[in-house]
There are 2 protein chains.
Amino acid sequence: MTNPLVRKLEGLTPLGDKDRQVLGSLPMTTVTRRAGDMLIDEEEQPSQVHLLIEGWAFRHKALPDGRRQIVGYLIPGDLCDIHVFVLKRMDHALSLLSDATIGLIEADTMIGLIDEHPRIARALTWSTLVDEATLREWLVNIGRRDPYARVAHLLCEMWLRMRAVGLAADRRLDLPLTQTELGDTVGLTPVTVNRVLQRLRREQLITLSDRVLTILDAPGLMQASDFNADYLHRDQNLGSRR
Amino acid sequence: MTNPLVRKLEGLTPLGDKDRQVLGSLPMTTVTRRAGDMLIDEEEQPSQVHLLIEGWAFRHKALPDGRRQIVGYLIPGDLCDIHVFVLKRMDHALSLLSDATIGLIEADTMIGLIDEHPRIARALTWSTLVDEATLREWLVNIGRRDPYARVAHLLCEMWLRMRAVGLAADRRLDLPLTQTELGDTVGLTPVTVNRVLQRLRREQLITLSDRVLTILDAPGLMQASDFNADYLHRDQNLGSRR
DNA sequence: CGTCCTTTTGATCCGCGTCAAAGGGAGTGG
DNA sequence: CCACTCCCTTTGACGCGGATCAAAAGGACG
C-alpha cells in the first residue's frame, strides 16, 4: 500500500518523483491507538506532528455543559496538527472513531520537509486551505439548511473524500459514525438524525448499516443536499486521476 | 496612521524594523468602493490580492433559494484573498458593509514579500490559521449555542478583534451590521436577533444603536456567551501590547 | 446471560420561524 | 421644506419542526 500521505497530497497538486520518494521514506514512528481514545486534548502543545495512517478521527470542541460540537473529520493521510508549528496551542481536541495507526513525525523533520520541497509545501498549504473552505461549507450547512439536507450533505462530502484517497470502493465506504456523532456534527439531536436517515433510506438515496454507507443515488443525494463540490478544490489541472 | 496591515501582523507575532519598513512601503494601488458593493464574486479568479485598508467587508455563500450564510468578517488590515495563490478560485463571495478603501497588490509583489521576509510569511500563516480557528468556533456557536449566547458571542469577538487593531476606543466600536446580517451570520432570523438584542440591552450588557456598539459589562457578556478568547490565538510571547 | 451502547419509536411541548404590520430615520425629489 | 420612498427596527400572533423525555428493541461483548 502506498503511503496515505502521498496518496492524499497527490490528489491535490502534482508531485515529482523525488517528492514521492521523500514522503515515502519519511522518518516516523508508528503507534496504534484504540477507538474512543483522545489523541490530543484541547490546550495541548504537541511536540510531534501526528499523521493519521489508518482509521478515522475527529476534531471537537467541548461546551461547559458537557455537550460538544464536532468541527472536522480526519481520514487516512490527514495530518492532525501541522498548525501547532505556528500557533503552538490546540484550540480543540482530537479523538479516534476507530482503532487507528498514527505516524509521529518530529517537528524538525517536518520543517525540513517543507523547507526543501516546495511542491510538498504547496500541497500542505492547499490541504490547509481546503480544510478552511470545508469549515465555511459546514457553516452554511448548519446555519441555513434543514436537517434532511444537512445530513445528506455530510454524507456526500465523506463519500467524495474517501473516494479521493481510494477508500471508497465505488459507492460503498466505511462510515464509523454513530447517529449521536452525526448529530454533534450538524447541530441536531440523535433522534432527528435517525429520522432523517430513515427518510434517506426510504427514498432510496442511501443504505447505511453496520458502519457501511452505500450511496444508491448520488445525483439524488447531491440534489437533496444542495451539494456543490467546488469547495473541496480538487485540482482541475490534475486531469483524470491516476 | 500606521499601515493597518502592519498593525494587524504585529498583533500576531513580532516583526523586525525591516519587516515594518517593507510592509509600510508595499507597492499597491488604492481604490475606494461603496457600501453594498460585491468586491469579489464566488468562482472568481482574482489576479491581485485585495487588502482592506478602511471599512468593513464580509465573506458569504449564497443558497439556491436566495438566502445566504455569512462566513466571515474583515476589518482594516485583513487580506481578502491570499488563498487564491494556491486555490485559484474563490469558493465564496466578498462584499462591503461600508464604504471602503482597498489596496490592490500584485501577485508577484506578494510572492516576493513572502519569499524574502520569513517573519512576515509566518505572520500571514498565523493569520490564516486564526481564521480557521475562528470558523471552528463559529461552528460551535451556530451548532450548539442558543440564540442569546450566539449573538453575544459574536459581539464579544468583534469587540476583541476591533480592539486588537486599535479600532475600539475602550468599549465602543463601530458595528455596521444590520440585524438581518447578524442573523445571516449566526443562523437566526432578524426577528429573533432583534429580541435577543433587546434582552442584552435590558440586562445592561450592551448598548447598540446607530451602528455603534458599546460593551457595558464585558465579563457579563462573555459569561452569557461562554466566550473563551483562546481561539483567537493572540500571541502570549508578545507581552503587554503597547 | 447480563450489561452496555446504539438504534428506533412514540408522545409532548415550546422556541423560533413565519407572517404581518407599524414605527422610525435617512435620503431624495418636487 | 415637506412628501414620499426605502430600509431597518420593533412588535404581535400563530403554527410547526425539532428538542426533549421516555422506553423498547437490537447487537456486541464479556
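Chain letters run A, B, ... following the sequence lines, proteins first, then strands; residues in each count from 1. Just so it is clear, the values below take in all heavy atoms, side chains as well, and ignore hydrogens, waters and symmetry mates.
- Listed pair B:Arg199 / D:dT10 fails the phosphate criterion, with no side-chain N or O lying under 4.0 Å from OP1 or OP2.
- For the atom pair A:Leu197 CG and A:Arg202 CZ, the distance stands at 11.0 Å (nearest 0.5 Å).
- The base of D:dG17 has none of its N or O atoms less than 3.5 Å from a complementary donor or acceptor on the side chain of A:Arg195.
- At the phosphate of C:dC16, neither OP1 nor OP2 sits under 4.0 Å from any side-chain N or O atom of B:Arg150.
- Not one side-chain nitrogen or oxygen of A:Asn194 sits closer than 4.0 Å to the OP1 or OP2 atom of C:dT7.
- In the helix from C:dC1-D:dG30 to C:dG30-D:dC1, the end axes, each obtained as the rotation axis mapping the C1' atoms of four pairs onto the next four within a five-pair block, lie 40° apart to the nearest 10 degrees.
- Residue contacts for A:Leu188: at a heavy-atom cut-off of 4.0 Å it reaches the sugar-phosphate backbone alone, with no base atom in range.
- In this structure, CG on B:Asp230 lies 8.5 Å from CG on A:Asp91, to the nearest 0.5 angstrom.
- Between B:His92 and B:His83, the ring planes are tilted. Angles from 30° to 60° get that label.
- The distance between atom CG of B:Leu197 and atom P of D:dC8, rounded to the nearest whole Å, is 15 Å.
- Remark: P of D:dT20 and CG of A:Asp65 are 10 Å apart, rounded to the nearest angstrom.
- Side-chain contact check for B:Arg89 versus B:Gln45: some heavy-atom pair is nearer than 4.5 Å.
- The separation between A:Asp146 atom CG and C:dT18 atom P is 11 Å, rounded to whole Å.
- Within the nucleic acid shown, B:Gly187 comes within 4.0 Å of sugar-phosphate atoms alone, with no base atom in reach, counting heavy atoms only.
- Under a cutoff of 6.0 Å and an axis angle of 45°, A:Arg199 and A:Tyr148 form a cation-pi pair.
- Checking the phosphate oxygens (OP1, OP2) of C:dT9, a side-chain nitrogen or oxygen of A:Gln198 falls inside 4.0 Å.
- Using the six-membered ring where Trp is involved, B:Tyr73 and B:Trp56 have ring planes that are perpendicular, over 60° apart on the 30 and 60° scheme.
- Counting to the nearest Å, the C1' atom of C:dT18 and the CZ atom of A:Arg144 are 13 Å from each other.
- Not a single donor-acceptor pair under 3.5 Å links the side chain of B:Asp99 to the backbone N or O of B:Arg34.
- One interatomic measurement links the two molecules: CG of B:Leu182 to P of C:dG17, which rounds to 14 Å at whole-angstrom precision.
- For A:Gln179, taking side-chain heavy atoms from C-beta onward, the closest of the listed nucleotides D:dT9, C:dG10, C:dT7 is C:dT7.
- With rounding to the nearest 0.5 angstrom, the CZ atom of B:Arg161 is 9.5 Å from the CZ atom of B:Arg234.
- A:Thr192 has no side-chain polar atom (N or O) that falls below the 4.0 Å cut-off from OP1 or OP2 of D:dG18.
- Atom-to-atom, CZ of A:Arg211 to C1' of C:dT6 comes out at 8 Å; the value is rounded to the nearest Å.
- With rounding to whole Å, A:Asp184 atom CG is found 11 Å from C:dT6 atom P.
- Contacts of A:Arg201 with the nucleic acid, taken as non-hydrogen atoms under 4.0 Å apart, involve only primed sugar atoms and P, OP1 or OP2.
- In the set C:dT6, C:dG17, C:dT9, the nucleotide with an atom closest to the side chain of B:Thr189 is C:dG17.
- Residue order along DNA chain D, read from the 5' end via each residue's closest nucleotide, puts A:Pro147 first among A:Asp210 and A:Pro147.
- Counting non-hydrogen atoms under 4.0 angstrom, B:Gly183 reaches nothing in the nucleic acid.
- One can place CZ of B:Arg202 at 16 Å from C1' of D:dT9, the figure rounded to the nearest angstrom.
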